[in-house]
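Remarks on the structure that follows.
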Number of protein chains: 2
Amino acid sequence: MPRAGLSTQAVVQAAVDVIDEHGIDALTLAAVATRCGVAAPSLYKHVGGLAELKTQVGVRVLNELADRFAAAAMGRSGRDAITALMHAYRAYVTAHPARYAAMPVDPLHHPELAAAGIRQLEIIQAALRPWQLDAAAQIHTIRRLRVIAHGFASLESAGGFGLPTDLDETYQQLIDAFFDSLPAHP
Amino acid sequence: MPRAGLSTQAVVQAAVDVIDEHGIDALTLAAVATRCGVAAPSLYKHVGGLAELKTQVGVRVLNELADRFAAAAMGRSGRDAITALMHAYRAYVTAHPARYAAMPVDPLHHPELAAAGIRQLEIIQAALRPWQLDAAAQIHTIRRLRVIAHGFASLESAGGFGLPTDLDETYQQLIDAFFDSLPAHP
DNA sequence: GGCGATGGCTAATGCTAGTAGCTTTAAGGC
DNA sequence: GCCTTAAAGCTACTAGCATTAGCCATCGCC
């Protein structure tokens with residue numbers, strides 16, 4: 001009975017792999033266990049159960065996206081930074097479409113997910129700083145940004161656009177519309 | 001053994017009720033059967049199985065939304081009509097938040113759902129007619145509209161906005177941004 | 001070398017979807 | 001008013017899932 005040498009992170013990684021390959025609905029403990037070369041009950045030594053595993057996958061995905069955000073925002077500011085963030089968002093989703101369905105939409109309401117969600121938020125806030133928005137305007141602005149990015153990503157990742165042609169153009173128009181909704185760049 | 005007098009539509013209605021009350025994840029044949037006062041296998045006399053039931057629920061939801069669209073667009077045109085459609089969309093989702101998760105995002109790819117999806121599309125196309133957009137511009141415009149409506153609705157229905165305050169304002173700003181992305185109304 | 005914690009296992013429970021085959025109901029023809 | 005028959009219910013069953021309990025082997029440490 002050789003030991004598989006698992007860890008919580010290894011199980012989460014296997015779960016992400018299962019999602020990438022077979023979609024979010026195929027994420028079962030049985031599938032993860034098979035991929036880990038282990039019997040299903042053994043996973044409970046590393047993870048609290050399916051619900052907790054899904055939460056951990058959510059944390060992973062949120063942090064990966066935050067990493068992309070950080071990389072995209074680095075060395076840019078203003079309009080340039082926001083544009084880079086929007087493209088980083090879409091690039092992550094198109095690279096891992098199935099994974100997007102595992103990204104929680106309300107991370108701030110969940111203690112385990114909040115930290116990762118706040119990381120993203122802070123990067124966006126920093127990118128918006130040049131516009132010097134007051135508190136209320138900032139909330140509305142981030143919401144608009146999020147609606148556009150999430151709305152587009154969720155439709156694209158789910159195959160919601162009839163023809164895949166010219167999606168770049170549609171996304172660019174949405175980004176342009178967002179900038180038009182902002183006061184002039186200082 | 002008195003007969004329950006079920007029908008396909010009655011089963012679909014029960015499924016919608018289960019979703020409204022307990023969320024999309026609670027939609028199981030067992031739950032629907034209980035609500036219908038029937039044993040689970042009996043449902044197969046009216047519905048092909050869980051997958052088909054979900055499709056039928058999707059048809060129902062798409063058609064309900066199309067009905068709202070038709071009512072909202074009636075007697076209006078141009079900017080007024082589009083605004084009414086956007087508010088009808090959001091009103092339906094806030095009235096039945098759990099149901100929104102049952103609305104398929106790619107109805108046109110599924111033969112059973114296509115008709116209902118096309119109904120919605122035609123109403124939107126008619127509302128956009130005053131702008132006399134060429135074919136490509138019309139596609140991009142409908143996509144922008146959809147991204148905004150779906151993005152906002154999916155976040156709101158899932159509790160994705162931190163504080164519920166001022167959501168009307170955010171939505172209005174998005175609608176305004178959409179109009180700004182259109183050529184001047186003729 | 002021994003000991004305890006850890007990571008694996010099998011067995012068993014209870015939930016789910018779905019199938020097979022039986023029985024009763026209810027509608028329609030005579 | 002009866003008799004046939006299709007439809008609509010049922011029970012019993014299989015198979016896959018998550019989860020729990022309890023057992024045993026492995027590994028790190030003293």
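Just so we're on the same page: letters track the sequence lines, and every chain starts at 1.
In this structure, CG of A:L43 is placed 14 Å from C1' of D:dT20, rounded to the nearest angstrom. Here D:dT26 presents its P atom at 15 Å from NZ of A:K45, a figure rounded to the nearest Å.
Side-chain N/O atoms of A:H46 include none lying less than 4.0 angstrom from OP1 or OP2 on C:dT6. Residue B:S42 has no polar side-chain atom (N or O) positioned under 4.0 Å from OP1 or OP2 of D:dA8.
Within the model, atoms CD of A:Q138 and CD1 of A:I142 stand 4.5 Å from one another, a figure rounded to the nearest 0.5 Å.
Taking both residues in full, the closest heavy atoms of A:H150 and A:V105 are given as CE1-CG1, 3.9 Å, listed atom of the first, atom of the second, then distance.
Positionally, the nearest nucleotide of DNA chain D for B:G37 lies more toward the 5' end than for the other of A:G48 and B:G37.
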Which parts of nucleotides 13-18 of chain D does protein reach within less than 4.0 Å, heavy atoms only, written one letter per nucleotide 5' to 3' as B for base, S for sugar-phosphate only and - for none?
-> ----SS
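For residues 34-62 of chain A, there are no ring-ring contact (aromatic ring centres under 6.0 Å, His included) pairs, not counting sequence neighbours.
The main-chain N or O of B:A137 is found under 3.5 Å from a side-chain atom of B:D134 such that the two form a donor-acceptor pair.
Side-chain atoms of A:D168 and A:Q172 form no donor-acceptor pair, as typed in the model, at a separation below 3.5 Å. For the residue pair B:Q13 / B:R60, a side-chain donor-acceptor distance below 3.5 Å is found, with atom types taken as modelled.
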